Protein chains: 2
Amino acid sequence: MNFSSKLIEKAVDAFATLPGIGRKTALRLVLHLLRQDKSVTEQLATALSSMREGIRECRECHNLADEDICRICADPRRDHSLVCVVENIRDLMAIEDTGQYRGLYHLLGGIISPIEGIGPADLHIDSLLERVQKGEIREVIMAISPTIEGETTVYYLSKKLQLSAVLVSAIARGVSFGGDLEYADELTLGRSIVARIPYVR
Amino acid sequence: MNFSSKLIEKAVDAFATLPGIGRKTALRLVLHLLRQDKSVTEQLATALSSMREGIRECRECHNLADEDICRICADPRRDHSLVCVVENIRDLMAIEDTGQYRGLYHLLGGIISPIEGIGPADLHIDSLLERVQKGEIREVIMAISPTIEGETTVYYLSKKLQLSAVLVSAIARGVSFGGDLEYADELTLGRSIVARIPYVR
């Protein structure tokens, strides 16, 4: 693309470094900002700067936080005896969005993956064990994706937690609500029959 | 979406005001920035701020410019006797990208559209006539989209320019290069037969 302005070129280049944004989209965004009031751009620039400068990792659960302790860990109304182990902040947010969970979290920062060279030492496992050792935690819920790497991670963690008195559980797996049996994958459907539960009337 | 950080929430909200970017995409962009070095975010924020603050409208052609005069109008190597009239900066860029045109431009800032309430007075038509009256311009090329509004605009401009000695031309219309005749629309194909040109051997 041929810009007649260095300023536009720089803004387009900066936008285009973001994932999923090509130079055509970047130009569309820049032209949009130029049509809006100056304050819109200023707000975007400030929001991004202060976010990147201000964000920290929660000392307790490794969630992204504005303070030393994240809003979830700092919330006294949440159940501090319950910890849900997730891979990353996306999974945390997905669970938060359900509105069904009122305990705390622990972000591993990934899962054990020998192929990608990620071992237990690369994950926030020691800090989880430390949290459990403090004795306040009653139950650790594994909410890790049901992949081979995920299952390996859950197995590793459950072994490590065996020595402590904490209860280890895992989120339920089965056919989705609203999902058609016909389209469920064989593994999920098969497991859902094996792990059937009594029907509550 | 449930954020545990006000900073992230604000950044996501700011990104999500942009066209074509929803909150899920905005979050993906924010998390991407958090994984990158701080300088990446700083560069984006600065590029956007200085772009929005610094950009001006070219005094001559109404193109977006870093100075009072845009890079195209200020370029002495370009043919200053040739002016291509376009609707907006996107069309200008499309023509620049072809690398086939070495004259100047004039951005109308829109086209005459009674339905949208855009009349000749809302467009940069007077400044085009002023430029032509100065006598340096030899030819005005109409590069306006071939819609009803576009044709109306071209007709209006050609009438206005009739009094001056300037040559008025329009970009060629016809079947696209590489285009299949079968898939060309009827109007374009029909006109391309009526307006056929001698075959050059």
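This is a predicted model, so every value here is computed, not measured.
Closest heavy-atom contact between B/E42 and A/S49: OE2-OG, 3.4 Å. Taking each heavy atom of B/L27 and A/M93 in turn, the nearest pair found is CD2-SD, 3.4 Å.
Inter-residue side-chain proximity for B/L33 and A/L18 is flagged as met; some heavy-atom pair is nearer than 4.5 Å.
How far CG of B/L48 is from CD of A/Q43: 13.0 Å, rounded to the nearest 0.5 Å. In this structure, CD1 on B/I8 lies 4.5 Å from CD1 on A/I89, to the nearest 0.5 angstrom. Atom OG of A/S5 and atom CD1 of B/I55 lie 3.5 Å apart (nearest 0.5 Å). Rounded to the nearest 0.5 Å, atoms CE (B/M51) and CD (A/E9) are 13.0 Å apart. To the nearest 0.5 Å, the span separating NZ on B/K10 from CG on A/L44 amounts to 13.5 Å. Separating the CD1 atom in A/I21 from the OG1 atom in B/T25 is a distance of 8.5 Å, to the nearest 0.5 Å.
Note on A/K6 versus B/E67: no salt bridge recorded, every NZ/NE/NH1/NH2 to OD/OE distance being 4.0 Å or above. Salt bridge present: B/K38 and A/E53 bring a charged side-chain N and a carboxylate O closer than 4.0 Å.
Surrounding CZ of A/R78 are more than 12 heavy atoms belonging to other residues, nucleotides or ligands, all under 6.0 Å away. A 6.0 Å sphere centred on CD1 of A/I115 holds no more than 12 heavy atoms belonging to other residues, nucleotides or ligands. At most 12 heavy atoms of other shown residues, nucleotides or ligands fall within 6.0 angstrom of atom CZ in B/R191. The 12-atom threshold is not exceeded at CD of B/E116, counting heavy atoms of other residues, nucleotides or ligands nearer than 6.0 Å. Heavy atoms from other residues, nucleotides or ligands lying under 6.0 Å from CD1 of B/I148 number 12 at most.
Checking side-chain atoms of A/R52 against main-chain N and O of B/Q36 turns up a donor-acceptor pair under 3.5 Å.
Contacts with chain B were tallied for A/L92, A/D75, A/T41; A/T41 has the most, counting heavy-atom pairs under 4.5 Å. Across B/P19, B/A65, B/S50, the residue that shares the most heavy-atom pairs under 4.5 angstrom with chain A is B/P19. Counting heavy-atom pairs under 4.5 Å between each of B/L64, B/L29, B/L34 and chain A puts B/L34 at the top. For chain B, the option among A/V40, A/I72, A/T17, A/L31 with the highest count of heavy-atom pairs below 4.5 Å is A/L31. Counting heavy-atom pairs closer than 4.5 Å to chain B, the top-ranked of the candidates A/C70, A/A45, A/G20 is A/A45.
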